[in-house]
Amino acid sequence: MEDHTPDTVREEEEEEKSPWPDLLPELLDLVSLRLSAPDFCSFRRVCTSWRSITNPVLRPLPASADFFRRGTPILATVHDDFCSFFDPIHNAALRVGIPELAGSRLRAAGAGDWLLLTRGREGVFFFNVSERVTVPLPDLDAFSMDVVGFSGPPDTPGCTVIAATHSMGEIYTLKRGEAAWTFHEFEHKRSYAANCAPVMLGDRCYMLRSKGHAVGFGYKEWDDVGDDGYYYHDMYADRPEPLRKWRRGQIDQCFLAEDGGELLAVFLGFGETRVSVFGLDVRARTWRKVDRLENKMMFISQGSCMVVDAVVRGTGNKIYLPKSRAGHGMFYSFATNKFHTFLDDFPRKRSEFIKEVKPNCAWIQVPAGAPNIKPFKW
């Protein structure tokens, strides 16, 4: 059938149809800035012209921008003269000068956006990121703080800080209101602690050893003293059975997190596919293999680890690393058993993560409706 539509009408219809690929780059830029990292990945796959849009990592945010109220975990890194914050879910970063943290080293993070830092040989202090509150603690030799954690918000009664040496032979505790650290000498059987933050549940502290073993002890009542004068842990779990087949030295990094009262341990090895996750039943002292996180996200770093619900489509069932590639956050996907960024077309089995862990970073998460925190004395 012949088309009898007048040429003028056809031309008007074609003019009204503005092809999506021909949208102005300025409009595409504005749209991309409002997308999460997974949605931006889908956005770039629409067509060639959209693929040319580059979502900037360091965005020009105004000073009043509520960067920390997104609700998703943020990687905090303390540099010599500034701090950087990176949100891998929204692929947004912020670089801020915080004079209060100049010359400090980040040791641990937790209870929302509280940081525990040291400065110089003996200075120790808490810092709240969103409220910019600094809380000095009694001095402690920095060489005694290889592994550090704290039980809850520092402004609440009962908050306890635990610091240990790598040998786990020396453990120091400090409770809210105390003016000095308390020293405890542990029997450690020549097994060194893994370089990750401990997990504190209730009145108990759990740590991973570098060979994959897990130990636990109560930190409120120190009654378990042997005839030799040493303190002993009262919970010990041998490393998971599959890890016993790994050759000596194959475990490169260990991380420990808590999920609904269960401990989750992540083991990264030198082999291309050496990523293993296990859940620990602390009562039975047995491990179970974890093959998926369902709709949860796990964030690991030396300073803190956490497991949270995925609130953005496409972000669950992944382990997020304290590392980026080409400005985009890296993660391990349980679905593919490979490492990705949200913009990767070529996922990798090898993480490029081994021996490249940032030592001065930790994950934080500002709780929704967090109350204003006023300066206080420890």
Tell me every residue that passes ring-ring contact (aromatic ring centres under 6.0 Å, His included) with [X], counting only those two or more places apart in sequence or in another chain.
| X | value |
| --- | --- |
| Tyr172 | Phe183 |
| Phe334 | Tyr332 |
| Phe125 | none |

Open item on the list: For Glu122 and Val124: C-alpha separation, side-chain torsions, deciding distance, then whether side chain to side chain contact (heavy atoms under 4.5 Å, CB included) applies.
Closed with: CA-CA 6 Å; Glu122 297 182 337; Val124 187; over 6 Å; no
Cut-off 3.5 Å, no hydrogens considered: what does the side-chain donor-acceptor table look like for residues 109-119, sequence neighbours left out?
unit_1 : atom_1 : unit_2 : atom_2 : d
Asp113 : OD1    : Asn128 : ND2    : 3.1
Asp113 : OD2    : Ser130 : N      : 2.8
Asp113 : OD2    : Ser130 : OG     : 2.7
Thr118 : OG1    : Arg107 : NE     : 3.0
Thr118 : OG1    : Arg107 : NH2    : 3.4
Arg119 : NE     : Ala102 : O      : 3.0
Arg119 : NH2    : Glu100 : O      : 2.4
Arg119 : NH2    : Ala102 : O      : 3.4

Distance check, rounded to the nearest 0.5 Å: [X] atom [atom1] versus [Y] atom [atom2]?
| X | Y | atom1 | atom2 | answer |
| --- | --- | --- | --- | --- |
| Cys361 | His79 | SG | NE2 | 9.0 Å |
| Ile162 | Cys205 | CD1 | SG | 4.0 Å |
| Gln253 | Ser301 | CD | OG | 11.0 Å |
| Cys305 | Trp363 | SG | CH2 | 10.0 Å |
| Ser333 | Leu293 | OG | CG | 10.0 Å |
| Ile319 | Met298 | CD1 | CE | 6.0 Å |

[X] side chain near [Y] side chain, heavy-atom distance below 4.5 Å:
| X | Y | answer |
| --- | --- | --- |
| Trp287 | Pro242 | no |
| Pro198 | Tyr206 | no |
| Asn360 | Arg105 | yes |
| Leu137 | Leu174 | yes |
| Met306 | Pro73 | yes |
| Phe86 | Thr77 | no |
| Trp181 | Pro138 | yes |
| Val78 | Ser104 | yes |

- [ ] Return yes if a side-chain donor-acceptor contact under 3.5 Å exists between Thr72 and Asp87, otherwise no.
- [x]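 There is such a pair (donor and acceptor under 3.5 Å, judged by atom type) between the side chains of Thr72 and Asp87.
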Salt bridge (charged side-chain N to carboxylate O under 4.0 Å, His left out) with [X]: which residues, sequence neighbours excluded?
| X | answer |
| --- | --- |
| Glu241 | Arg244 |
| Arg204 | Asp234 |
| Asp80 | none |
| Lys318 | none |

TODO: Run the numbers on Val307 and Phe299 for side chain to side chain contact (heavy atoms under 4.5 Å, CB included), then give the verdict.
DONE: CA-CA 6 Å; Val307 180; Phe299 297 81; over 6 Å; no
For a quick test of your reading: what N or O donor-acceptor pairs under 3.5 Å do the side chains of residues 258-266 make, sequence neighbours left out?
unit_1 : atom_1 : unit_2 : atom_2 : d
Glu258 : OE2    : Gly260 : N      : 3.1
Glu258 : OE2    : Gly261 : N      : 2.5
Asp259 : OD1    : Lys296 : NZ     : 2.8
Asp259 : OD2    : Lys296 : NZ     : 3.3
Glu262 : OE1    : Arg288 : NH2    : 3.0
Glu262 : OE2    : Arg288 : NE     : 2.9
Glu262 : OE2    : Arg288 : NH2    : 3.4

Open item on the list: Assigning hydrophobic clusters by single linkage (Ile, Leu, Val, Met, Phe, Trp, Tyr; side-chain heavy-atom cutoff under 4.5 Å), is Phe82 placed with Val129?
Closed with: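 Different clusters.
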TODO: Answer yes or no: does atom CZ of Arg285 have more than 12 heavy-atom neighbours from other residues, nucleotides or ligands under 6.0 Å?
DONE: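 Counting neighbours around CZ of Arg285, more than 12 heavy atoms of other residues, nucleotides or ligands fall under 6.0 Å, so yes.
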TODO: Sort and list the pairs that fulfil ring pair (Phe, Tyr, Trp, His ring centres under 6.0 Å) and have at least one residue in residues 135-163, not counting sequence neighbours.
DONE: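 Only Phe126-Phe150 qualify under ring pair (Phe, Tyr, Trp, His ring centres under 6.0 Å).
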TODO: For the pair Val133 and Phe127, evaluate side chain to side chain contact (heavy atoms under 4.5 Å, CB included) and give the outcome as yes or no after the intermediate values.
DONE: CA-CA 6 Å; Val133 172; Phe127 182 78; over 6 Å; no
Task: side chain to side chain contact (heavy atoms under 4.5 Å, CB included) assessment of Phe267 paired with Phe255 - done: CA-CA 7 Å; Phe267 300 93; Phe255 301 92; over 6 Å; no
Do the side chain of [X] and the main chain of [Y] share a donor and acceptor less than 3.5 angstrom apart?
| X | Y | result |
| --- | --- | --- |
| Tyr219 | Val161 | no |
| Asn317 | Arg292 | no |
| Thr160 | Gly158 | yes |

Task: Qualifying side-chain hydrogen bond (donor to acceptor under 3.5 Å, both in side chains) pairs with a residue from residues 141-151, counting only residues at least two apart or across chains - done: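 Applying side-chain hydrogen bond (donor to acceptor under 3.5 Å, both in side chains) to every pair that reaches into residues 141-151, excluding sequence neighbours, yields Arg121-Asp141.
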Open item on the list: Could you work out, with side chain to side chain donor-acceptor pair (under 3.5 Å) as the rule, every residue matching Thr165, not counting sequence neighbours?
Closed with: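 With neighbours one apart ignored, the set is Ser167.
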- [ ] List the atom of Glu178, the atom of Thr173, and the distance in Å for their closest heavy-atom pair.
- [x]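 Taking every non-hydrogen atom into account, OE1-O, 4.3 Å.
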